[in-house]
Student: 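Provided herewith is a single structure, encoded as structure tokens, for subsequent inquiry.
The structure displayed is predicted, hence computed values, not measured ones.
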Amino acid sequence: MSDQWIRKASLLVGDGKTFLDLSELRFRFETQNSDKQTPNTLHVRIYNLSKQTAAKIGREYSTIILQAGYQQGKFGAIFFGSIKQTETGKESNVDSFVDVWAADGDIWYNGALLNQTLAAGSTQHDIVNAIVKAQAPGGSQSTDAASPAGHSMKLATDAPGIIGAAQGVANTLSRGKVLFGLARDYARDWARNNGLRWSIQNGELTVVPITGYRPGEAVVLSSTTGMIGIPVATEGGVTVRALLNPLIRIGCLVQIAQADINQITSQQHGLSYAQNAQPAATPTTAAGFYRVMQAEFSGDTRGQEWYVDMICLAVDVSAPADASVAVAG
């Protein structure tokens, strides 16, 4: 944990092409990231901006990029998105603030339309490529990683490999197909048909096997690597808090020793004691591998807060990567 004590943060606002760096100012932030289809969100409070700069945020500056980590350790992006709402005010006679609320990929999510015909024989890759290229009204196709709030979508770099191993991916269209409607609706149906979950993470369409995880080395969480307090296993998953770590991504693996986790069991409803009600199984594994389903980052560049709170699902890494999570049938 020696590389997790000198904090570093970067906050940029701009028009998608040019950006203003606000990193030297104090700011507090909270993100809500999950594997749900709906856009992730950010709330950040920026202190003591000039009136001229504050007036531009949300108008001239419509894109926001938040990066966080450590000067001598891991540092990276934890949120890309478009600014949706701002509020100005004062905390005291000397401290003013601008509150910013932003969403990740919501322009594409709410407005991208498909109007395309795919020929017979088109593959599952052809379908998803058509989905990510769909544009919201007034948008233009962009592959610029510095413009996450654009009106089109990118496919995550690890997505092709996950799609290639997905169930049903070998299926091709037996006849031509007209795609007309919201891209998100086609993304939902396409993911379900291929045994995948999809979500938008930092301006990219990300896929994870319903019963698997994203490739990459697991982030080890322990008292010596930034884990705070004691994780708890419930029927909804394992909840754990750690020092902020930009390597933690939705769908990735973390590793927590089973002995470090408290377990909560509940009795099955509707059964009497005479029926020998059994406690519900708790989602832990001896090897200690878990898939991140939800990650909430929070921090204060002049305060104590610098955390990531997670909800994770147990994974059996001895099974194939796309069939390692038990799903109730």
Student: For Glu24, is the CD atom crowded, meaning more than 12 foreign heavy atoms sit under 6.0 Å from it?
Tutor: no
Student: Is the shortest side-chain heavy-atom distance between Leu49 and Phe27 below 4.5 Å?
Tutor: no
Student: What pair of heavy atoms forms the shortest contact from Trp108 to Ala183, and how long is it?
Tutor: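 Result for this residue pair: CZ2-CB, 3.5 Å.
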Student: Just by modelled atom types, is the Asn33 backbone N or O under 3.5 Å from a matching donor or acceptor in the Thr31 side chain?
Tutor: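 No, Thr31 side chain to Asn33 backbone: no donor-acceptor pair under 3.5 Å.
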Student: Are the side chain of Tyr213 and the backbone of Val292 linked by a donor-acceptor contact shorter than 3.5 Å?
Tutor: no
Student: Side chains of Gln294 and Glu296: any donor to acceptor distance under 3.5 Å?
Tutor: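 Side chains of Glu296 and Gln294: pair found under 3.5 Å.
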Student: Indicate yes or no for a side-chain donor-acceptor contact from Asn202 to the backbone of Phe80 under 3.5 Å, with no hydrogens or angles considered.
Tutor: yes
Student: Does the side chain of Asp104 reach to within under 4.5 Å of the side chain of Tyr109, using non-hydrogen atoms?
Tutor: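 Sidechains of Tyr109 and Asp104: no contact.
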Student: State, without any angle test, whether Ser199 and Gln201 hold a side-chain donor-acceptor pair at a distance under 3.5 Å.
Tutor: yes
Student: Does CZ in Arg302 sit with more than 12 non-hydrogen atoms of other residues, nucleotides or ligands closer than 6.0 Å?
Tutor: yes
Student: Heavy atoms only: give me the nearest Met153-Leu205 pair and the separation to one decimal.
Tutor: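 Distance-wise, the nearest heavy atoms are SD-N, 3.6 Å.
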Student: Specify the closest pair of heavy atoms between Ile250 and Ala295, including all atoms of both residues, with the distance to one decimal.
Tutor: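 Shortest heavy-atom contact: CD1-N, 3.8 Å.
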Student: Can a donor-acceptor pair be found between the side chains of Asp309 and Ser298 at a distance below 3.5 Å?
Tutor: no
Student: I want to check something: taking the side chain as every heavy atom from C-beta on, are Lys8 and Ile6 in contact at a cut-off of under 4.5 Å?
Tutor: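 They are not in side-chain contact.
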Student: If every non-hydrogen atom of Arg291 is compared with every non-hydrogen atom of Arg197, which pair is closest and at what distance?
Tutor: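 So the minimum-distance heavy-atom pair works out to NH2-CD, 4.2 Å.
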Student: Taking Gly58's backbone N and O only, do any of them form a donor-acceptor pair with Thr86's side chain (distance below 3.5 Å, no angle check)?
Tutor: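 Not a single qualifying donor-acceptor pair exists.
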Student: Only one of Leu11, Thr53, Asp15, Ile57 forms a side-chain contact (heavy atoms from CB on, under 4.5 Å) with Leu20, so which one is it?
Tutor: Thr53
Student: Within 45° of the six-membered ring axis of Tyr47 and under 6.0 Å from that ring's centre, is NZ or CZ of Arg26 located there?
Tutor: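 Ring-cation test returns yes.
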Student: Does the side chain of Thr285 come within less than 4.5 Å of Val315's, by heavy atoms?
Tutor: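 The answer is no, as the side chains (C-beta and beyond) never meet within the 4.5 Å cut-off.
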Student: So if I apply the ring pair (Phe, Tyr, Trp, His ring centres under 6.0 Å) rule between Phe29 and each of Trp306, Trp101, Tyr307, which one comes out positive?
Tutor: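 So the option named by the test is Trp306.
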Student: I'd like to check Asn48 versus Ser96 (side-chain heavy atoms, cut-off strictly below 4.5 Å). Are they in contact?
Tutor: yes
Student: Quick one, Lys177 and Asp126 - any side-chain contact, counting heavy atoms below 4.5 Å?
Tutor: no
Student: Give a yes or no answer on whether the side chain of Gln37 reaches the backbone of Asp185 with a donor-acceptor pair at less than 3.5 Å.
Tutor: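 Checked: no pair found.
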Student: Could you walk me through whether Val44 and Leu66 pass side chain to side chain contact (heavy atoms under 4.5 Å, CB included), step by step?
Tutor: CA-CA 9 Å; Val44 58; Leu66 172 63; 6.0 Å; no
Student: Under 4.0 Å between a side-chain nitrogen and a carboxylate oxygen: does that hold for Glu91 and Arg28?
Tutor: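 Here Glu91 pairs with Arg28 in a salt bridge, since their nearest N and O are under 4.0 Å apart.
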Student: Which heavy atom of Ala130 sits nearest to which heavy atom of Leu179, and what is that distance?
Tutor: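 Minimum heavy-atom separation between Ala130 and Leu179: CB-CD1, 4.1 Å.
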Student: Please give me the minimum heavy-atom distance between Arg214 and Ala156, naming the atom from each residue.
Tutor: NH2-CB, 4.3 Å
Student: Do Leu244 and Tyr70 come within less than 4.5 Å of each other through their side chains, counting heavy atoms only?
Tutor: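 Leu244 reaches Tyr70 side chain to side chain.
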Student: Counting only heavy atoms not in Lys84, do more than 12 sit closer than 6.0 Å to its NZ atom?
Tutor: yes
Student: Side chains of Ile230 and Asp260: closer than 4.5 Å at any heavy-atom pair?
Tutor: no
Student: Leu173 vs Ile127, test: side chain to side chain contact (heavy atoms under 4.5 Å, CB included). Steps then yes/no.
Tutor: CA-CA 10 Å; Leu173 297 180; Ile127 296 174; 4.2 Å; yes
